[in-house]
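Structure record follows, encoded as structure tokens.
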There are 2 protein chains.
Amino acid sequence: MINYKTIMKEAGLKFTRPRSLVLTALQKANEPLSIKEIYKRVPNRIDLASIYRTIHCFLELGIVREVPLGEGYQRYELVGEGKHYHYVLCVECGKLEDIDICLLEQVEKMTNYKILSHSMEFQGICHRCTG
Amino acid sequence: MINYKTIMKEAGLKFTRPRSLVLTALQKANEPLSIKEIYKRVPNRIDLASIYRTIHCFLELGIVREVPLGEGYQRYELVGEGKHYHYVLCVECGKLEDIDICLLEQVEKMTNYKILSHSMEFQGICHRCTG
DNA sequence: TCATAAATGCAAATGATTTGCAATTGTGGT
DNA sequence: ACCACAATTGCAAATCATTTGCATTTATGA
């Protein structure tokens with residue numbers, strides 16, 4: 001179990017109510033959430049600006065990663081311990097599935113870069129929608 | 001050599017001056033361009049809205065692909081014949097390099113989706129900036 | 001050359017994200 | 001438990017990317 005409060009304390013940041021609520025929303029979700037979706041899932045209507053600020057803070061801490069699905073906005077998900085996902089979005093029915101591949105290490109070796117973040121998302125038509 | 005004029009004609013679209021100029025800008029570029037960069041590189045100041053519309057048209061025709069680098073806007077590049085690229089962006093110095101890997105077929109098999117588009121971009125720190 | 005649908009430019013609208021600032025709230029020390 | 005203070009919030013307004021409506025212009029094929 002990751003102790004987010006400790007992570008934030010060590011970074012000299014406060015563990016505030018809005019931050020806690022955003023974490024909970026992300027933990028409960030079973031897919032990456034947009035800012036608006038987080039907004040809707042958080043009780044007591046936290047301000048949108050605070051959610052944006054919270055997410056940026058989490059991105060810097062490495063708690064959260066960005067999932068760009070080409071929808072015109074970003075989605076975010078908890079990084080969790082080690083393992084992470086990539087997604088296929090069906091552009092017909094909106095279904096989102098995760099794929100279990102990642103090239104991180106391969107790319108670090110190929111490029112000689114220290115990779116900080118990456119995205120690898122696919123858009124297509126799922127088996128059912130293809131007919 | 002790809003004949004863009006023919007492609008467009010066959011799709012029932014006009015090969016207009018703005019479209020031609022956007023194509024030229026993309027052909028001359030050695031990296032994916034943002035809408036603003038295209039705007040700046042096109043002579044005679046085509047309207048921004050026309051560039052957006054042109055790019056959408058090219059995306060539909062499959063002439064152009066979207067390259068999301070997490071910069072807050074999109075970049076676009078010509079698809080060319082067959083081969084395409086993925087990128088690593090150095091967040092320190094802004095250098096952009098391409099990587100020669102692609103998982104398209106592997107993912108189509110794994111997921112049983114018809115993949116229409118995908119992104120796979122990396123952000124990190126290049127060898128020189130790491131020191 | 002002409003007719004006509006398609007495309008453009010302009011200005012205004014939209015949607016996502018950011019920012020300034022006064023009011024509020026965790027946190028560490030007492 | 002209380003205080004002091006910096007960090008954070010909420011609100012409203014600003015910004016930036018992208019889209020849209022509409023009157024005017026422009027390729028295209030007859």
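A, B, ... follow the sequence lines: proteins, then strands. Residue 1 opens every chain.
- Atom CG of A:Asp100 is surrounded by 12 or fewer heavy atoms from other residues, nucleotides or ligands within 6.0 Å.
- More than 12 non-hydrogen atoms from other residues, nucleotides or ligands lie less than 6.0 angstrom from NZ of B:Lys95.
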Chi angles and distances behind the side-chain hydrogen bond (donor to acceptor under 3.5 Å, both in side chains) call for B:Glu77, B:Tyr87: CA-CA 12 Å; B:Glu77 70 181 358; B:Tyr87 296 89; 2.6 Å; yes
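- Using five terminal pairs a side, the axes of the helix from C:dT1-D:dA30 to C:dT30-D:dA1 at its two ends make an angle of 50°, given in steps of 10 degrees.
- When the P atom of C:dT25 is taken as reference, atom CG of A:Asn44 falls 12 Å away, rounded to whole Å.
- When the side-chain hydrogen bond (donor to acceptor under 3.5 Å, both in side chains) test is applied to B:Gln106, no partner is found at least two apart in sequence or on another chain.
- C:dA7 atom C1' lies 15 Å from atom CD of B:Glu60, rounded to whole Å.
- Rounded to whole angstrom, the span from the CZ atom of A:Arg19 across to the C1' atom of C:dG26 amounts to 10 Å.
- With sequence neighbours excluded, no residue satisfies salt bridge (Lys or Arg N to Asp or Glu O under 4.0 Å) with B:Glu92.
- Rounded to whole Å, the distance from OH on A:Tyr39 to P on C:dT17 is 15 Å.
- Across the protein-nucleic acid pair, A:Leu23 atom CG and D:dT8 atom P stand 14 Å apart, rounded to whole Å.
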Nucleotide-resolved protein contact map, nucleotides 15-30 of chain D, B/S/- at heavy-atom distance under 4.0 Å: --SBBBB----BBSS-
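- In this structure, A:Tyr113 shares a hydrophobic cluster with A:Val88, A:Ile99, A:Ile101, A:Leu103, A:Leu104, A:Val107, A:Met110, A:Ile115, A:Met120, A:Phe122, B:Val88, B:Ile99, B:Ile101, B:Leu103, B:Leu104, B:Val107, B:Met110, B:Tyr113, B:Ile115, B:Met120, B:Phe122, the cluster being traced through Ile, Leu, Val, Met, Phe, Trp and Tyr side chains under 4.5 angstrom apart.
- Surrounding OH of A:Tyr85 are at most 12 heavy atoms belonging to other residues, nucleotides or ligands under 6.0 Å away.
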Could you go through residues 66-76 of chain B and list every donor-acceptor pair under 3.5 Å that involves a side-chain atom there, pairing it with any protein atom two or more places apart or in another chain?
residue, atom, partner, partner atom, Å
B:Glu71, OE1, B:Arg75, NE, 2.9
B:Glu71, OE2, B:Arg75, NH2, 2.9
B:Arg75, NH1, B:Glu31, OE2, 3.3
B:Arg75, NH1, B:Pro32, O, 3.0

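- Between the CD1 atom of B:Ile55 and the P atom of C:dT8 there is a distance of 12 Å, rounded to whole Å.
- Put simply, CZ on B:Phe58 is 11 Å from P on C:dA7, counting in whole angstrom units.
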